[in-house]
Asker: 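First the structure, then my questions, so here it is.
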Amino acid sequence: MNPNWRSFLESADAAFSGDSSEILSFGDAAGELQAAARQTVVVPLTHLALIDAVGEDAKSFLHNQFTSDVNHLQNDQAQHAGWCSAKGRMQASFVLWHEAGGYRLALAADLLEATLKRLRMFILRAKVKLAEQSDQVLLGLAGAQAGETLADAGLPIPAAAMDIIAANGCTVLRLDAERFIVAAPVAAAPDLWRKLTVRARPAGTPVWRWLDVRAAFPLVTLATKEEFVPQMADFEKIGGVSFHKGCYPGQEIVARTQYLGKVKRHLYRLRSATALQAGDHLFSPDNPDQTSGKVMTAAPAPDGGFAALAVVQSNFAANLRLGSRQGPPVEAVAVNPA
């Protein structure tokens, strides 16, 4: 995380979690959650990091590594992409788009170092350079007035989900109907923050995670690295997997899983009275042989309790427990019911 940006956020009352990049709140965690449910919020996305891929072979390199069709990514669009191990398990997930003659990739910050190191191992003779982009910051904007807030700050409003527009040194990405991500230079970020917070309430990382749960946004983090084939996280349903492109790591397993219809685990939203966190195991008293699911993303919920996204074995979803077969009960609802 850029130290100048962190210093500015601390001066704006951001409370960080120890030495980590996660912002706990801007002084009122419960109030910020309430605002996210009913108003417009702006969140520094310090739990995400950026990688730049540049060079004449950047397109082909990324296309040959990722589950998505990078070759056909338009200049005004972003896409979800996964990077799998040889066993078809997701090592990282990305939102990627064109930037300055190359590509920019947003991923979980706790996977940045390992992902860069391993991706570089596959460059070989390809003319591509991969580097952390630390001179840009990401801001998340969400709520019914998010579009008007962007306009008031002098930024454009992309028309459709996963559209992007670059203007005034920033890139605006529309995630869905009421959520946007703005990539801005560090030097311009404090002024942009002041403009956005005229309408939008500052909020911490847990608020954005709750919004991810509500939107069924399956972000792979260190806690869930190499745990899921893409279809287990319903990643193909958000355009993160192409079944018409050539080979990439794990492609044979991902394709076989799709065409044989053997996916028994899918993405579910959870509700719990007990705190949840990414990587938590889920069990069912009806399944004595193995775990029945794993949490991907979790956050406190505005109406009390906790909410999460989890990959769950569908035939045991009606009777889930947290941590053990005798643990507290967890309610699960399929994101994409069969």
Side-chain angles (χ1 to χ4, degrees), residues 17-18 20-25 29-30 32-34 36-37 43 47-48 82 89-93 108-111 203-235 237-238 262-338:
S17 175
S20 80
S21 60
E22 179 167 337
I23 297 174
L24 298 176
S25 73
E32 292 163 22
L33 276 168
Q34 293 295 325
V43 181
H47 65 298
L48 301 180
R89 302 280 170 149
M90 294 176 72
Q91 301 180 95
S93 62
D110 60 6
L111 289 176
T205 309
V207 166
W208 196 259
R209 287 205 175 102
W210 176 75
L211 291 166
D212 276 349
V213 172
R214 188 172 70 170
F217 184 90
L219 178 69
V220 176
T221 64
L222 183 61
T224 56
K225 179 183 177 183
E226 296 189 40
E227 290 288 337
F228 312 124
V229 172
Q231 294 97 318
M232 292 180 183
D234 290 358
F235 207 65
K237 293 182 173 65
I238 59 172
K262 291 186 176 180
V263 184
K264 296 181 180 179
R265 294 178 181 242
H266 289 282
L267 197 64
Y268 281 71
R269 289 189 186 90
L270 306 182
R271 288 191 59 84
S272 170
T274 306
L276 301 160
Q277 63 181 2
D280 280 348
H281 290 286
L282 301 171
F283 295 82
S284 172
D286 303 323
N287 180 17
D289 299 323
Q290 59 183 349
T291 61
S292 297
K294 194 163 193 175
V295 175
M296 288 195 78
T297 302
D303 56 353
F306 298 85
L309 289 177
V311 171
V312 172
Q313 192 167 337
S314 299
N315 54 332
F316 297 114
N319 188 10
L320 288 177
R321 304 297 178 91
L322 177 63
S324 72
R325 290 173 187 83
Q326 295 76 41
V330 177
E331 178 186 346
V333 177
V335 168
N336 296 289

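This one's a predicted model, so the numbers in the text were calculated from it and none came from an experiment. By convention here, the first residue in the shown sequence is residue 1.
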Asker: Should the pair Lys225-Asp110 be classified as a salt bridge under the 4.0 Å nitrogen-to-oxygen rule?
Answerer: no
Asker: Within the side chain of Asp280, is there an N or O that forms a donor-acceptor pair under 3.5 Å with the backbone of Gln277?
Answerer: yes
Asker: Partners of Phe316 by ring pair (Phe, Tyr, Trp, His ring centres under 6.0 Å), sequence neighbours excluded?
Answerer: none
Asker: Considering non-hydrogen atoms only, spot the tightest contact between Pro288 and Asp286 and give its length.
Answerer: CD-O, 3.6 Å
Asker: Which distance, rounded to the nearest 0.5 Å, do you find between the CZ of Arg321 and the OG1 of Thr274?
Answerer: 11.0 Å
Asker: To the nearest 0.5 angstrom, please state how far the CD atom of Gln313 sits from the OG1 atom of Thr291.
Answerer: 8.0 Å
Asker: Would a distance-only check, ignoring hydrogens and angles, find a side-chain to backbone donor-acceptor pair under 3.5 Å from Ser93 to Val220?
Answerer: yes
Asker: Using the side chain to side chain contact (heavy atoms under 4.5 Å, CB included) definition, which of the options Ile238, Thr297, Val311 pairs with Pro218?
Answerer: Ile238
Asker: Just verifying a value: how many Å separate His281 NE2 and Ser292 OG, rounded to the nearest 0.5 Å?
Answerer: 11.5 Å
Asker: Ignoring hydrogens and angles, tell me if any N or O in the side chain of Asp212 forms a donor-acceptor pair with the backbone of Ala215 under 3.5 Å.
Answerer: no
Asker: Side-chain contact test, heavy atoms from C-beta onward, threshold under 4.5 Å: evaluate it for Leu267 versus Met296 and give yes or no.
Answerer: yes
Asker: Of all heavy-atom pairs between Val335 and Ala216, which one has the smallest distance, and what is that distance?
Answerer: CG1-CB, 3.5 Å
Asker: With distance as the sole test, does Arg269 use its side chain to make a donor-acceptor pair with the main-chain N or O of Arg214 at under 3.5 Å?
Answerer: yes
Asker: Taking 4.0 angstrom as the limit, do Glu22 and Arg209 come out as a salt bridge?
Answerer: yes
Asker: Under the side chain to side chain contact (heavy atoms under 4.5 Å, CB included) rule, what do Lys264 and Asn315 come out as? Steps first, then yes or no, please.
Answerer: CA-CA 8 Å; Lys264 296 181 180 179; Asn315 54 332; 5.5 Å; no
Asker: Looking only at heavy atoms, what is the nearest atom pair of Val213 and Ala307, with distance?
Answerer: CG1-CB, 4.0 Å
Asker: Mind checking whether Leu320 and Pro329 have side chains closer than 4.5 Å, heavy atoms only?
Answerer: no
Asker: Taking Lys294's backbone N and O only, do any of them form a donor-acceptor pair with Arg265's side chain (distance below 3.5 Å, no angle check)?
Answerer: no
Asker: Which pair of heavy atoms, one from Leu219 and one from His47, lies closest together, and at what distance?
Answerer: CD2-CD2, 4.3 Å
Asker: Checking the side chain of Thr205 only, and the main-chain atoms of Ile23 only, is there a donor and an acceptor separated by less than 3.5 Å?
Answerer: yes
Asker: Side chain to side chain contact (heavy atoms under 4.5 Å, CB included), that's the test. Do Val295 and Leu270 meet it? Break it down for me.
Answerer: CA-CA 9 Å; Val295 175; Leu270 306 182; 4.1 Å; yes
Asker: For Gly323 and Phe283, work out which heavy atoms get closest and say how close.
Answerer: O-CE1, 3.1 Å
Asker: State, to 0.1 Å, how close Ala299 and Pro206 come at their nearest heavy-atom pair, and which atoms those are.
Answerer: CB-O, 3.4 Å
Asker: Rounded to the nearest 0.5 Å, what's the gap from CD on Glu226 to OG1 on Thr224? Could you check?
Answerer: 10.5 Å
Asker: Strictly distance-based, threshold 3.5 Å: is any side-chain N or O of Glu32 a donor or acceptor partner for the main-chain N or O of Gly204?
Answerer: yes
Asker: Working to the nearest 0.5 angstrom, can you tell me the gap between Phe306 CZ and Leu322 CG?
Answerer: 10.5 Å
Asker: Supply the atom-to-atom distance Ser314 OG to Met232 CE, rounded to the nearest 0.5 angstrom.
Answerer: 10.5 Å
Asker: Please examine the side chains of Leu276 and Arg271, heavy atoms only from C-beta on, and report whether any two atoms are closer than 4.5 Å.
Answerer: no
